Amino acid sequence: MRDAVTFEELVAEGAAAPIDGWDFSWFAGRATEERPSWGFARRMARRMAQATAALDIETGGGEVLATAALRPPLLVATESWTPNVAIARDRLLPLGAHVVAVADAPTLPFAASSFDLVVSRHPVVVLWEEIARVLRPGGTYLSQQVGPGTNGELTEFMMGPQPVNAVRSPERARAAAEAAGLQVIDLQACALRVEFFDVAAIVCFLRKVHWTVPDFTPEAYVDRLRAMHRRIEESGPFVSTAQRLLVELRRPA
């Protein structure tokens, strides 16, 4: 954080920062997050190189999918948020992918057994039964998901104590996958250190990852933001914890 920048200026910077897509490059120098050891993008790229028909659910702006150097003959991505649909099409259409604007739930608009690979990074909704339906026998589902209580320290600083939503726990994921008829190949969880170096990063993050504080606006939370600003100035970066799951499943042949 630059010494001469005031609280009001930092809040204004965070409020003006772009939040479309899942590009987090704006946070360089303002926040950091550890990465899981399993390397989701690398795993996804290896699966893509072996697939003949693949689907990326909730692609965002297509940022992760675009990193796959070798892509299958049929590649489809879905996205529900209109600004992201435009970004994803600009990024993915030149790579030969089809981008479909579709709601996150309740169904996927594809015929049964359409894909031998389905991937998703940080999905808002996981449609276990639909994933099983659109996978071909022997097909793979690979996903990195947000785990329970992720960034709970930040949520509680802004909102006070909150109950932990355990829907995304490894146990729940395994039970839901198996109930849909999918075989668990790999299931891992990890906790990752997150650091915010100024209040502008807090404002931008809460606008972008809006479920962290669902009703967040800088105006509504100005008192808590001011307290956060004082804390960072006095004690250094605000530290939070991101929870992540790796889920790899197979539809039995």
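All values below come from the heavy atoms of this structure, side chains included, with hydrogens, waters and symmetry mates left out. Every value quoted in this text rests on a predicted model; they were computed, and no experiment measured them.
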Name all residues meeting the side-chain contact (heavy atoms from CB on, under 4.5 Å) criterion together with [X]; count only those two or more places apart in sequence or in a different chain, and write none if there are none.
{"X": "A86", "result": "none"}
{"X": "L93", "result": "R89"}
{"X": "P18", "result": "W26"}

* Test ring pair (Phe, Tyr, Trp, His ring centres under 6.0 Å) applied to F216 - qualifying residues, sequence neighbours left out ->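 For F216 the ring pair (Phe, Tyr, Trp, His ring centres under 6.0 Å) partners, ignoring immediate neighbours, are Y221.
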
* Residues in ring pair (Phe, Tyr, Trp, His ring centres under 6.0 Å) with Y141, at least two apart? ->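 Partners of Y141 under the ring pair (Phe, Tyr, Trp, His ring centres under 6.0 Å) test: none.
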
Under the salt bridge (Lys or Arg N to Asp or Glu O under 4.0 Å) test, which residues partner [X], sequence neighbours left out?
{"X": "R230", "value": "none"}
{"X": "R224", "value": "none"}
{"X": "E178", "value": "R174"}

* Inter- and intrachain pairs under side-chain hydrogen bond (donor to acceptor under 3.5 Å, both in side chains), touching residues 50-68, at least two apart ->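 Matches after skipping sequence neighbours: T52-D116, T52-R136, D56-T59.
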
* To do: Name all pairs fulfilling the side-chain hydrogen bond (donor to acceptor under 3.5 Å, both in side chains) condition that reach into residues 92-112, sequence neighbours left out, sorted by first residue then second.
  =>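 Applying side-chain hydrogen bond (donor to acceptor under 3.5 Å, both in side chains) to every pair that reaches into residues 92-112, excluding sequence neighbours, yields S80-D104.
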
* Within residues 44-72 or reaching into it, pairs that qualify as ring pair (Phe, Tyr, Trp, His ring centres under 6.0 Å) - sequence neighbours excluded ->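 Residue pairs passing ring pair (Phe, Tyr, Trp, His ring centres under 6.0 Å), neighbours aside: none found.
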
* Asked: What is the ring orientation for F196 with F205, classed by angle as parallel under 30°, tilted 30 to 60°, or perpendicular over 60°?
  ->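 The arrangement is perpendicular - the two ring planes meet at more than 60°.
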
* Under the side chain to side chain contact (heavy atoms under 4.5 Å, CB included) rule, what do I185 and Q183 come out as? Steps first, then yes or no, please. => CA-CA 6 Å; I185 303 302; Q183 178 186 3; 4.0 Å; yes

* Identify the residue among N151, I19, L154 that makes a side chain to side chain contact (heavy atoms under 4.5 Å, CB included) with L206. =>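 Testing L206 for a side chain to side chain contact (heavy atoms under 4.5 Å, CB included) against N151, I19, L154 leaves exactly one candidate, L154.
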
* Asked: How long is the span from the OG atom in S143 to the CD1 atom in I131, to the nearest 0.5 Å?
  ->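 The distance works out to 7.0 Å.
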
* Closest heavy-atom contact between Q243 and G149? ->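 Closest pair (atom of Q243, atom of G149, distance): CG-C, 4.2 Å.
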
* Derivation of the salt bridge (Lys or Arg N to Asp or Glu O under 4.0 Å) call for E233 and R231 -> CA-CA 5 Å; E233 283 194 321; R231 174 168 172 164; over 6 Å; no

* Asked: By side chain to side chain donor-acceptor pair (under 3.5 Å), which residues pair with E153, not counting sequence neighbours?
  ->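 By the side chain to side chain donor-acceptor pair (under 3.5 Å) rule, E153 matches S240, T241.
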
* Asked: Between R43 and D186, is a salt bridge (Lys or Arg N to Asp or Glu O under 4.0 Å) present by the stated rule, with each step listed?
  -> CA-CA 12 Å; R43 284 198 181 205; D186 196 2; 3.0 Å; yes

* Exam field: side chain K208 to backbone G21, donor-acceptor pair closer than 3.5 Å ->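 Checked: pair present.
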
